Protein chains: 2
Amino acid sequence: MGRRIKIKKIVETTRRQVTFSKRRTCLLKKVKEIAICCDVDVLFVAFSSANRLSKFCSQRRIEDMLQRYIELPIERRLTYMN
Amino acid sequence: MGRRIKIKKIVETTRRQVTFSKRRTCLLKKVKEIAICCDVDVLFVAFSSANRLSKFCSQRRIEDMLQRYIELPIERRLTYMN
DNA sequence: GCAGCTATATATAAGTA
DNA sequence: TTACTTATATATAGCTG
């Protein structure tokens, strides 16, 4: 994506926020696309510790999504950390 | 992305699942990247109604993420539907 | 379904206004 | 900020095994 950067925290605040804004826009677009094209319900949330704001995109109300997740048996919760 | 497709449900099951698999891989990568580069906590979940499977990526335990969301005042829950 | 290939569409880091 | 531009890196649809 443009000039290559290393995947690590961007130290400079302004640059980090600009990058967040740009990437968030594209990410939301892709989240919406996979939901529509692949007929899945998706949820995306981002917490910025500094700004305390959240974003998400879903086909259903967020509460429904969370409820569905919570009701899912543990063994079906496939998790990718990091 | 490759040959252009219209953003609508892919009717053919096989093709839809292949697309989901490919897109999910890239999406998870990007979710991880934005979390690291922009120093935010993110959560991504996808529910496939047919397979009943879920995926997510986060910097924290999922329960923490959900709890933080639930505790967020309504007016701070910025929502992008569809 | 996984894995690779290729052609093309997107995303995006920097730079500029 | 507030966009817009541009050069380059990625993502990905369709295909072949």
Side-chain angles (χ1 to χ4, degrees), chain A residues 1-59 65 68-69 72-82, chain B residues 1-59 75-82:
Chain A
M1 18 36 179
R3 279 74 181 182
R4 181 160 42 193
I5 60 162
K6 285 178 183 163
I7 303 305
K8 61 174 185 179
K9 177 179 174 178
I10 297 168
V11 178
E12 196 192 334
T13 305
T14 302
R15 208 161 67 77
R16 187 173 67 246
Q17 289 175 342
V18 168
T19 294
F20 178 65
S21 175
K22 287 180 175 181
R23 279 177 174 260
R24 184 188 53 204
T25 300
C26 298
L27 207 45
L28 283 172
K29 186 179 168 213
K30 289 204 162 289
V31 167
K32 293 169 190 174
E33 285 182 356
I34 199 172
I36 295 171
C37 294
C38 304
D39 195 34
V40 294
D41 287 329
V42 295
L43 163 65
F44 173 73
V45 190
F47 286 94
S48 155
S49 55
N51 304 323
R52 290 185 54 71
L53 91 168
S54 73
K55 307 285 181 192
F56 76 88
C57 171
S58 172
Q59 297 297 102
M65 296 291 294
R68 285 178 69 185
Y69 178 81
L72 212 61
I74 301 287
E75 65 271 17
R76 304 208 71 137
R77 299 184 194 177
L78 305 183
T79 307
Y80 303 92
M81 293 300 278
N82 226 355
Chain B
M1 17 37 178
R3 279 74 182 185
R4 181 159 43 194
I5 60 162
K6 285 178 185 163
I7 304 304
K8 61 173 185 180
K9 177 180 173 178
I10 296 170
V11 179
E12 196 192 336
T13 305
T14 301
R15 208 159 68 76
R16 188 173 66 246
Q17 289 175 343
V18 167
T19 293
F20 178 65
S21 176
K22 287 181 174 181
R23 280 176 173 260
R24 184 188 52 203
T25 301
C26 298
L27 207 45
L28 283 172
K29 186 179 168 214
K30 291 204 160 289
V31 167
K32 292 169 190 174
E33 285 182 356
I34 199 173
I36 295 169
C37 295
C38 305
D39 195 33
V40 293
D41 286 329
V42 295
L43 163 65
F44 173 72
V45 190
F47 286 95
S48 156
S49 55
N51 304 322
R52 289 186 52 72
L53 91 170
S54 73
K55 308 284 181 191
F56 75 88
C57 170
S58 171
Q59 296 299 99
E75 64 272 18
R76 305 208 69 135
R77 299 184 195 178
L78 304 183
T79 308
Y80 301 92
M81 295 298 281
N82 254 335

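Since we're looking at a predicted model, the values are computed, not measured. Lettering of chains follows the sequences in order, A, B, ..., and the numbering in each one begins at 1.
Computed from coordinates, the R24(B) CZ to dT12(D) P distance equals 12 Å when rounded to whole Å. In this structure, L27(B) places its CG atom 10 Å from P of dA11(D), rounding to the nearest Å. One interatomic measurement links the two molecules: CD of E33(B) to P of dT12(C), which rounds to 8 Å at whole-angstrom precision. Computed from coordinates, the I10(B) CD1 to dG14(D) C1' distance equals 11 Å when rounded to whole Å. Atom pair I5(B):CD1 and dT10(C):C1' shows a separation of 13 Å (rounding to whole Å applied). The interatomic distance linking K32(B) (NZ) with dT10(D) (P) rounds to 16 Å, in whole Å. Computed from coordinates, the K30(A) NZ to dT12(D) C1' distance equals 8 Å when rounded to whole Å. If you measure from atom CZ of F20(B) to atom P of dA11(D), you get 17 Å, rounded to the nearest angstrom.
Applying the 4.0 Å criterion to OP1 and OP2 of dA14(C), one finds that R4(A) has every side-chain N and O outside that range. The phosphate of dG14(D) (OP1 or OP2) has a side-chain N or O of R15(B) nearer than 4.0 angstrom. Neither OP1 nor OP2 of dT1(D) sits under 4.0 Å from any side-chain N or O of T14(A).
The listed nucleotides are dT12(D), dA13(C), dA13(D); the one nearest the side chain of T19(B) is dA13(D).
Partners of S21(A) under the side chain to side chain contact (heavy atoms under 4.5 Å, CB included) rule, at least two apart in sequence or in another chain, are R24(A).
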Check nucleotides 4-6 of chain C for protein N or O atoms closer than 3.5 Å to its own N or O atoms and list the pairs.
residue, atom, partner, partner atom, Å
dT6(C), O2, R3(B), NH1, 3.4

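Nearest-nucleotide mapping onto DNA chain D: of K29(B) and V18(B), the residue sitting toward the 5' end is K29(B).
Residue K30(B) holds its NZ atom at 8.0 Å from NZ of K30(A), rounded to the nearest 0.5 Å. How far CD1 of I5(B) is from OG1 of T19(B): 6.0 Å, rounded to the nearest 0.5 Å.
As rounded to the nearest Å, dG1(C) and dG17(D) have P atoms that lie 22 Å from one another.
Side chains of K29(A) and K32(A) form no contact here, defined as non-hydrogen atoms less than 4.5 Å apart.
Shown here for K8(A) and I36(B), the closest heavy-atom pair between the two residues is CA-CG2, 3.5 Å. In terms of heavy atoms, I34(A) sits closest to L27(B) at CG2-CD2, 3.8 Å. The minimum heavy-atom distance between C37(B) and K6(A), with the atom names listed, is SG-O, 4.2 Å.
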With both pairing distances under 3.5 angstrom for Watson-Crick or G-U wobble, and | for a partner in another strand, the correct string for DNA chain D is ..|||||||||||||||
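Nucleic acid contact for T25(A): none, since no nucleic acid atom lies under 4.0 Å from a heavy atom of the residue.
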